[in-house]
Amino acid sequence: MADLTVDVAGLRLENPFILASGVWGETGATLARALRAGAAAVVTKSVGLRPRPGYPNPTIVEVPSGLINSMGLPNPGIEEYGAEMEEALRPGRPVIGSIFGATAGEFAALARRMERWGVSALELNLSCPHAKGLGAQLGQDPGTTKRITAAVKAAVDIPVFVKLTPTVASIAAIGRAAAAGGADALVAINTLKAMAIDLDLCIPVLGHGTGGYSGPGIKPVGVACVYELFKAVRVPLIGAGGVSTGEDAAEYLMAGATALEVGTLVLRKRDRTFRQLSRELARFLASRGHRSARSLTGRAHRGD
Ligand code: DHB
């Protein structure tokens, strides 16, 4: 049986598959459920300093090859979210705390709080595609990306991952900025800004108008971003975007990823998601004579 274990910035994972933020992350119980269903680690819902109600309905629409969602970063605020953590940590596997804020100071305060709740690493949401003054509006600027990353690194001792938006002129430039700020790993990619129009009502389907496109349709975009980042930086990469099969995972690994985040698939496959992906990846590795998932990382770059 091929070896599926990987190491991301000192985080030892039983397999390369991590539950992505925003999916099943509202409560500690659902995070624990994903861990018990075979996820090697889970990322919490993105949490901010204060409670946010989120955007009006509808917040999600199915489109060809994926979904567009626009929740509006709803969350109970960091103080309330701490109550979820105890249950999420019970299975004894890594929980990664996703945080969003408007300033470097807010990110640092959230990071300190999350570290105290007992998370194994942080993920900075510098990539939500539709929230004013947050997410991608910060992460599209290299200077801001570096400053926020450095502020969080100075505030905590646990590894800091930065989740990047693909909606930039050069993801390599943003990746280099995050690495210069001290990022321990980069996650690529978050959703792409997108919209669907209701042809009868003549208005956008989603309450907020635009949202983030995820699912199989964005996989080639994610693979290209990971490939570019692998050439640009020397920090581990976590691939995300449309991973639906073990072969999709292998593609991201060959592009340069060490691990993968899985989101949209979980909405369809639920508890079957993670064991099935591990089984499929193991089968793929065995069928091609690869000894480990680890050995695939960056293979597509040989001969570059
Ligand atoms: C939301 C946040 C994201 O980071 C994303 O990619 C999509 C949606 C949200 O909360 O609306």
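One-based numbering along the sequence shown. Please read all numbers here as calculations on a predicted model, not as lab measurements. Both ligands and their constituent atoms are indexed starting at 1 by order of listing.
Counting only residues at least two apart or on different chains, the ring-ring contact (aromatic ring centres under 6.0 Å, His included) pairs with a member in residues 35-60 are Tyr55-His130, Tyr55-His208. Listed by first then second residue, pairs satisfying salt bridge (charged side-chain N to carboxylate O under 4.0 Å, His left out) with a partner in residues 52-69 number zero, not counting sequence neighbours.
Using a 4.0 Å cut-off between charged nitrogen and carboxylate oxygen, Asp184 and Lys153 count as a salt-bridge pair.
Gly22 does not count as a contact of ligand 1, since none of its heavy atoms falls under 4.0 Å from the ligand. Heavy atoms of Gly72 come nearer than 4.0 angstrom to ligand 1 in at least one pair. Heavy-atom distances between Cys128 and ligand 1 reach below 4.0 Å in at least one pair. Heavy atoms of Lys163 stay at 4.0 angstrom or farther from ligand 1.
Taking CG of Asp271 as the start and CZ of Arg33 as the end, the distance is 4.0 Å to the nearest 0.5 Å. Rounding to the nearest 0.5 angstrom, the gap separating the CG atom in Leu11 from the CZ atom in Arg93 is 12.5 Å.
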Salt bridge (Lys or Arg N to Asp or Glu O under 4.0 Å) between Glu84 and Lys45, worked out: CA-CA 11 Å; Glu84 306 298 334; Lys45 179 111 190 76; over 6 Å; no
Run the side chain to side chain contact (heavy atoms under 4.5 Å, CB included) test on Val233 and Leu186 for me, step by step, so that the C-alpha distance in whole Å, both residues' side-chain angles and the decisive distance to 0.1 Å come before the verdict. CA-CA 9 Å; Val233 295; Leu186 303 178; 4.0 Å; yes
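Those atoms of ligand 1 that come under 4.0 Å of a heavy atom in Pro129, given as number and element, are 5 (C), 6 (O). Numbered from 1 in the order shown, with element, the atoms of ligand 1 that lie under 4.0 Å from a heavy atom of Ser70 read 11 (O). Listed by atom number, the atoms of ligand 1 under 4.0 Å from Thr191 heavy atoms are 5 (C), 6 (O), 7 (C). Those atoms of ligand 1 that come under 4.0 Å of a heavy atom in Met71, given as number and element, are 9 (C), 10 (O), 11 (O).
Using a 4.5 Å cut-off between side-chain heavy atoms of Ile, Leu, Val, Met, Phe, Trp and Tyr, with links allowed through other members, Leu267 and Val43 fall into different hydrophobic clusters.
Inclusion of Tyr55 in the set of residues having an N or O under 3.5 Å from an N or O of ligand 1 is not warranted. Some N or O of Asn125 is nearer than 3.5 Å to an N or O of ligand 1, by distance alone. Note: an N/O pair closer than 3.5 Å links Asn190 and ligand 1 by distance alone.
No more than 12 heavy atoms of other residues, nucleotides or ligands sit less than 6.0 Å from atom NZ of Lys193.
The shortest contact between atom 10 (O) of ligand 1 and any protein heavy atom is with Leu73 N, 2.7 Å. Scanning the protein heavy atoms around atom 8 (C) of ligand 1, the nearest turns out to be Asn69 OD1, 3.2 Å.
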